[in-house]
Amino acid sequence: MSASVVSSPEVCSTPLELFDTDRRLDQDERDIAATVRKFVDTKLRPNIAEWFESATLPRELARQFGELGVLGMHLDGYGCAGTNAVSYGLACLELEAGDSGLRSFVSVQGSLSMFSIHRYGSEQQKQEWLPQLASGHAIGCFGLTEPDFGSNPAGMRTRARRDGKDWVLDGTKMWITNGNLADVATVWAQTDEGVRGFVVPTATKGFSAHAIHKKLSLRASVTSELVLEGVRLPASAELPGARGLSAPLSCLNEARFGIIFGALGAARDSLHTALDYTRTREVFGRSLSSYQLSQEKLANMTVQLGLGMLLALHLGRIKDSEGLRPEQVSLGKLNNVREALNIARECRTLLGASGITLEYSPLRHANNLESVLTYEGTSEMHLLSIGRALTGQAAFR
Ligand code: TGC
Ligand code: FAD
């Protein structure tokens with residue numbers, strides 16, 4: 001017998017063990033993942049069903065995330081940890097194993113609000129906002145989507161006009177994560193010179209945020225409409241480096257990258273839950289896990305989870321070396337969210353009726369992943385982005 005083959009089948013402690021992905025990580029990456037996992041398991045997991053049911057996310061979580069060091073962790077300076085992209089991805093995965101709403105909070109703060117200021121802001125904007133956002137003393141949001149322009153932000157109607165040295169902003173942004181919690185909003189608007197970004201303190205006169213209720217998905221997350229009515233800002237509020245639509249779209253690449261890993265956390269947690277349940281649930285006199293149909297489901301889900309993890313790590317390593325092309329990010333986001341949603345739904349079937357309650361995580365994850373499939377570019381937008389890369393033809397319009 002070959003020495004490299006394990007002689008007898010051992011029961012895996014986790015499905016990902018079969019892919020041996022942990023050993024593809026360096027020690028720092030493993031430590032970061034373990035730290036975030038412990039934080040999620042001890043501080044968040046015990047409360048998450050309650051937050052989901054009551055549709056709340058406590059504001060003080062921001063400080064806790066700040067202390068944990070995950071806010072803007074992949075950015076350099078200004079109180080940010082400056083980790084590599086893979087570490088950031090792993091943190092997203094561990095957070096989303098708790099709930100997509102938790103990962104959303106961290107994505108929006110670090111990859112959209114902070115990244116937009118870090119990449120395109122003036123030194124004064126960076127000094128003013130980044131340290132407070134990194135520590136969680138301030139909360140940020142990112143307003144790109146509008147009621148009539150989601151997939152097609154190029155059509156945005158929010159307008160910024162010059163009035164002397166000031167800017168005056170009018171318009172409405174829709175579906176904005178953290179909108180009601182935010183101290184500062186990055187708002188994208190049309191100007192006579194094209195799309196520009198603005199750092200808007202939410203206490204500015206004329207700015208208001210309205211919480212969106214009755215959500216069936218991402219309930220442990222604040223989603224809001226932002227209304228800007230004659231919001232007057234000094235010239236220094238403009239993001240000086242942001243010129244055109246490519247600026248907000250480049251921020252999306254960062255958040256989408258986190259989702260490539262994050263969605264796998266929701267899938268992993270669903271699969272762990274289903275595995276535990278099927279081992280102890282007896283049907284027709286035997287454990288549910290002993291039936292071939294159950295094992296087929298568990299095996300297929302493990303294959304998809306592992307392939308998603310390999311893809312995420314592969315893209316992460318490319319991002320950390322030469323950087324990713326937007327269509328590579330699309331490929332990862334499309335596949336991993338789609339497969340995570342399939343896994344969460346399939347896990348729910350294994351739980352039978354018990355699976356429809358908040359006592360078990362898969363349906364909560366599946367409901368959340370409906371939002372994740374839609375935000376940061378719908379699956380259709382990512383298909384079209386890959387289609388454009390393959391054919392050279394843009395079929396968006
Ligand atoms: P298009 O002509 O393709 O591009 C306009 C300019 O932008 C450049 N570009 C990009 N740059 C960086 N990264 C990308 N991903 C880019 N995609 C395009 C492009 O090169 C061009 O540059 P230039 O210099 O030539 O002007 O633009 P288009 O209007 O045809 O749109 C293309 C499309 C459909 C892919 C884009 O509009 C799109 O991605 N739509 C989806 C919108 C979206 O994802 N919105 C997300 C909002 S934020 C959010 O959902 C947060 S949820 C967070 C949470 O809670 O976790
Ligand atoms: P639409 O663009 O109206 O799309 C509707 C359907 O039509 C989709 O299936 C879409 O794929 C399809 N479609 C659109 N165009 C085409 C086409 N050319 N060809 C084929 N099919 C097409 N936005 C922010 O700016 N900041 C945030 O923080 C934020 N947080 C969010 C949080 C949540 C919980 C949710 C649900 C959304 C959030 N969004 C945020 C908005 C999100 O980015 C948009 O919902 C998303 O981009 C899709 O826009 P839409 O909802 O207007 O759908």
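In listed order, ligands and their atoms are each counted from 1. What you see below is based on every heavy atom in this structure, not just the backbone, and it leaves out hydrogens, waters and symmetry mates.
Contacts between Trp175 and ligand 2, counted as non-hydrogen atom pairs separated by less than 4.0 Å, involve both the backbone and the side chain. If you look at Arg256 next to ligand 1, the close heavy atoms, those under 4.0 Å, all belong to the side chain. Contacts of Leu249 with ligand 1, taken as heavy-atom pairs under 4.0 Å, involve both backbone and side chain. Residue-level proximity to ligand 2 for Thr145 is carried by backbone and side chain together, each with a heavy atom below 4.0 angstrom. Proximity of Lys173 to ligand 2, defined as any heavy-atom pair under 4.0 Å, is not found for any part of the residue. Under 4.0 Å from ligand 1, the heavy atoms of Arg388 that appear belong solely to its side chain. Contacts of Leu384 with ligand 1, taken as heavy-atom pairs under 4.0 Å, are absent altogether. Under 4.0 Å from ligand 2, heavy atoms of Thr374 appear from its side chain as well as its backbone. Of all the heavy atoms of Leu252, the ones lying under 4.0 Å from any atom of ligand 1 belong exclusively to the side chain.
Atom 19 (C) of ligand 1 has Ser246 CB, 4.7 Å as its closest protein atom, hydrogens excluded (heavy atom only). The single protein non-hydrogen atom nearest to atom 35 (C) of ligand 2 is Tyr375 CD2, 3.8 Å, given as residue, atom name and distance. Nearest non-hydrogen protein atom to atom 54 (C) of ligand 1 is Ser104 OG, 3.3 Å.
Arg388 forms no cation-pi arrangement with Phe396, by the criterion of a distance under 6.0 Å to the ring centre and an angle within 45° of the ring axis.
The nearest protein heavy atom to atom 25 (O) of ligand 1 is not closer than 4.0 Å. Using a 4.0 Å threshold on non-hydrogen atoms, atom 3 (O) of ligand 1 counts as touching the protein. The nearest protein heavy atom to atom 30 (O) of ligand 1 is closer than 4.0 Å. For atom 47 (O) of ligand 2, a protein heavy-atom neighbour is present inside the 4.0 Å cut-off. Protein non-hydrogen atoms do reach within 4.0 Å of atom 42 (C) of ligand 2. For atom 9 (N) of ligand 1, the protein comes within 4.0 Å by at least one heavy atom.
A donor atom on one side chain and an acceptor atom on the other are not found under 3.5 Å apart for Gln292 and Glu296. Side-chain contact, Ser361 with Thr273: a donor N or O sits under 3.5 Å from an acceptor N or O. Neither side chain, Tyr120 nor Thr186, offers a donor N or O lying under 3.5 Å from an acceptor on the other.
Contact atoms of ligand 2 toward Leu218: 34 (C) (distance under 4.0 Å to a heavy atom of the residue). For ligand 2, the atoms lying closer than 4.0 Å to a non-hydrogen atom of Glu376 are 43 (O). Close contacts between ligand 1 and Pro326 involve ligand atoms 13 (N), 14 (C), 15 (N) [criterion: under 4.0 Å to a heavy atom]. The ligand atoms of ligand 2 that sit less than 4.0 angstrom from a heavy atom of Leu144 are 25 (O). Applying the 4.0 Å criterion to heavy atoms of Ile176 picks out, from ligand 2, the atoms 24 (C), 25 (O), 26 (N), 27 (C), 28 (O). Those atoms of ligand 1 that come under 4.0 Å of a heavy atom in Thr145, given as number and element, are 47 (C).
Between Trp167 and Phe198, the ring center distance clears the sub-6.0 Å criterion.
The N/O atoms of Glu146, backbone and side chain alike, include none that comes under 3.5 Å of an N/O atom in ligand 2. Annotation: Gly143 places no N or O atom under 3.5 Å from an N or O atom of ligand 2; distance criterion only. By the 3.5 Å distance cut-off applied to N or O atoms, Gly377 is not counted among the residues near ligand 2. Of the polar atoms of Thr378, at least one N or O is found under 3.5 Å from an N or O of ligand 2, judged by distance alone. The shortest N or O to N or O distance between Leu112 and ligand 2 is not under 3.5 Å.
The pair Asp276-Arg281 does not count as a salt bridge, with every side-chain nitrogen at least 4.0 angstrom from each carboxylate oxygen. Classification of Arg243 and Glu238 as a salt-bridged pair holds, one side-chain N sitting under 4.0 Å from a carboxylate O. Glu29 has a carboxylate O that lies under 4.0 Å from a charged side-chain N of Arg317, or vice versa, which qualifies the two as a salt bridge. A salt bridge does not link Lys215 to Glu370: none of the charged side-chain nitrogens sits closer than 4.0 Å to a carboxylate oxygen.
In this comparison of Leu252, Thr223, Thr177, the heavy atom closest to atom 28 (O) of ligand 2 sits on Thr177. Of the candidates Ser104, Ala182, Ser371, the one placing a heavy atom closest to atom 36 (C) of ligand 2 is Ser371. Of the candidates Gly150, Ser151, Ser100, Ser151 brings a heavy atom nearest to atom 1 (P) of ligand 2.
Interatomic distance, CG of Leu351 versus CG of Leu288, reported as 9.0 Å (0.5 Å rounding).
Ring geometry for Phe65 against Phe39 counts as tilted: the plane angle lies between 30° and 60°, on a 0 to 90° scale. Taking the six-membered ring for Trp and thresholds of 30 and 60 degrees, Phe115 and His74 have nearly parallel ring planes, at less than 30 degrees apart.
The salt bridge (charged side-chain N to carboxylate O under 4.0 Å, His left out) with Glu96 is formed by just one residue from the set Arg268, Arg37, Arg103; it is Arg103.
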